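Structure record follows, encoded as structure tokens.
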Amino acid sequence: TVSTQSNGNIRMKFAERVENLPPYLFVGISQAIAAKKALGIEVISFGIGDPDMQTPAPVLDALVAGSKKAANHKYPETEGLPEFRARVAKFYDDRFGVKLDPATEVINLIGAKEGIAHAALCFIDPGDISISPDPAYPVYEIGTMFAGGTTHFVTLKEGNGYLVDFSDIPTDVAKKAKTLWINYPNNPTGAIAPLSFFDEAVKYCKEFDIALLHDAAYTEVTYDGYVAPSVLQAEGAMDIAMEFHSLSKTANMTGWRVGFASGNPDMVNALMRVKSNIDSGLSQANQEMGIAALDLPSEWIDDNNEVYQKRRDKVVSVLNEIGVPAVAPKGALYIWTPIPKGYSSAEFAKKLLDEVNVVVTPGNGYGPGGEGYIRLSLTIPDDQIDEGLRRLAQLRVNS
Ligand SMILES: *Cc1c(COP(=O)(O)O)cnc(C)c1O
């Protein structure tokens, strides 16, 4: 359907999936920052999770070298270079003790987000149900919606350590559901899951014949010596699970879009078939960057995480001083905290912006279960963190 706007231009009617898209979470925040800037006020933004530190030199060197190889000037294979997939299999073996066949159980991704969104096309037909945590990374729901399905949300409760409580899912929903999304270390809550939780998730999904999809973007971003497990370590996981990994947060590579999925070979193959009809994989030079990132010494990862850990401790301490009961997370890049009574998430975020020119993300941006919380990201430079905290310390919270 087309109609004519008053200015004479044709107004196109877009597909429902586009018309119904919620505004991107950070659009509102960007507008608020721009409005302050227009008044000559510099805001400090704890809003967006995008590492401020540089991609490490060996990874950039791999891009430069890779750009000069004639073979890399051509279409890549959708599933990725054999060398890349073999390096991912070695990572799983070294890091998790999980043996993967690189030929059939690993596929590369143009960032984990791409794979997460496209995974829905492998499992969800119009009218199908996906189960997603609430609050959550928004892409689980959007991917399902694009595939014509609907999402049943299961609230992550603070009292349950923000783990999915499977007894909260009605049996008739579980019987109909095609996919279950989980994500630990978790964005936005910073929660971690023990391997026993993954065992429980696998058992649950097997009982109801549900594809278990684990977003593992933060398994390498952890603190206080905590080592995160992979869902593929769980008993029987290779029968029904696929895990999505990203080098974006681990190695400051959001700009280079290197991710991978691994797990059950039929599930990996389905994703390969979907992707081969939509994209032609990740540029091979970028895959070579991915190999270099997986080759980084563990000390590099530790040092990078150490920077976030120091920021985490500073932020938590100032929040506690002003009456916000934040707790230091063991993983991911965020402080997720309940806000003082008497405010909604949006009201409290607005108070911070109005009174001290600090931007935080209102928790309800990650789903209704996030109401009553805010999220602060640790991915801003230390001098800005310090200035942001100096401002926060001046805040008067009525509690
Ligand atoms: C950042 C993030 C991703 C996206 O990773 P890319 O590889 O950059 O696409 C996926 N899941 C979660 C939970 C994230 O926070």
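Position 1 is the first residue of the sequence, and the numbers go up from there. Atoms within a ligand are numbered from 1 in the order they appear, just like the ligands themselves. Bear in mind that the values here come from a model prediction, so they are computed numbers and not experimental data.
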For [atom], what is the closest protein heavy atom, and at what distance to 0.1 Å?
atom                    : result
atom 3 (C) of ligand 1  : Tyr137 OH, 3.5 Å
atom 8 (O) of ligand 1  : Ser248 OG, 2.6 Å
atom 15 (O) of ligand 1 : Tyr218 OH, 2.6 Å
atom 5 (O) of ligand 1  : Ser246 OG, 3.4 Å

Fill in: Test applied, side-chain contact (heavy atoms from CB on, under 4.5 Å); reference residue, Val359; option that passes from Leu353, Ile48, Leu352
Leu353
N or O pair under 3.5 Å between [X] and ligand 1:
X      : value
Asn187 : yes
Thr254 : no
Val258 : no

Worksheet, complete the sentence: Among Glu114, Lys249, Arg257, closest by heavy atom to atom 9 (O) of ligand 1 is Arg257
Worksheet item: Which option, Asp215, Val139, Val221, owns the non-hydrogen atom nearest atom 13 (C) of ligand 1?
Response: Asp215
Worksheet entry | Contact partition for Asn183 relative to ligand 1, non-hydrogen atoms under 4.0 Å | side chain
Pair [X] + [Y], salt bridge at N-O below 4.0 Å:
X      : Y      : answer
Glu77  : Lys74  : no
Glu114 : Lys275 : yes
Lys310 : Asp382 : no
Asp386 : Lys314 : yes

Worksheet entry | Aromatic ring proximity Phe208/Phe166, centre distance under 6.0 Å | no
Item to complete: Determine whether the aromatic ring centres of Tyr226 and Tyr223 lie less than 6.0 Å apart.
Response: no
Fill in: salt bridge (charged side-chain N to carboxylate O under 4.0 Å, His left out) partners for Asp50, two or more places apart
none
Worksheet item: Any idea which atoms of ligand 1 are less than 4.0 Å away from a heavy-atom of Ala112?
Response: 5 (O), 6 (P), 7 (O), 9 (O)
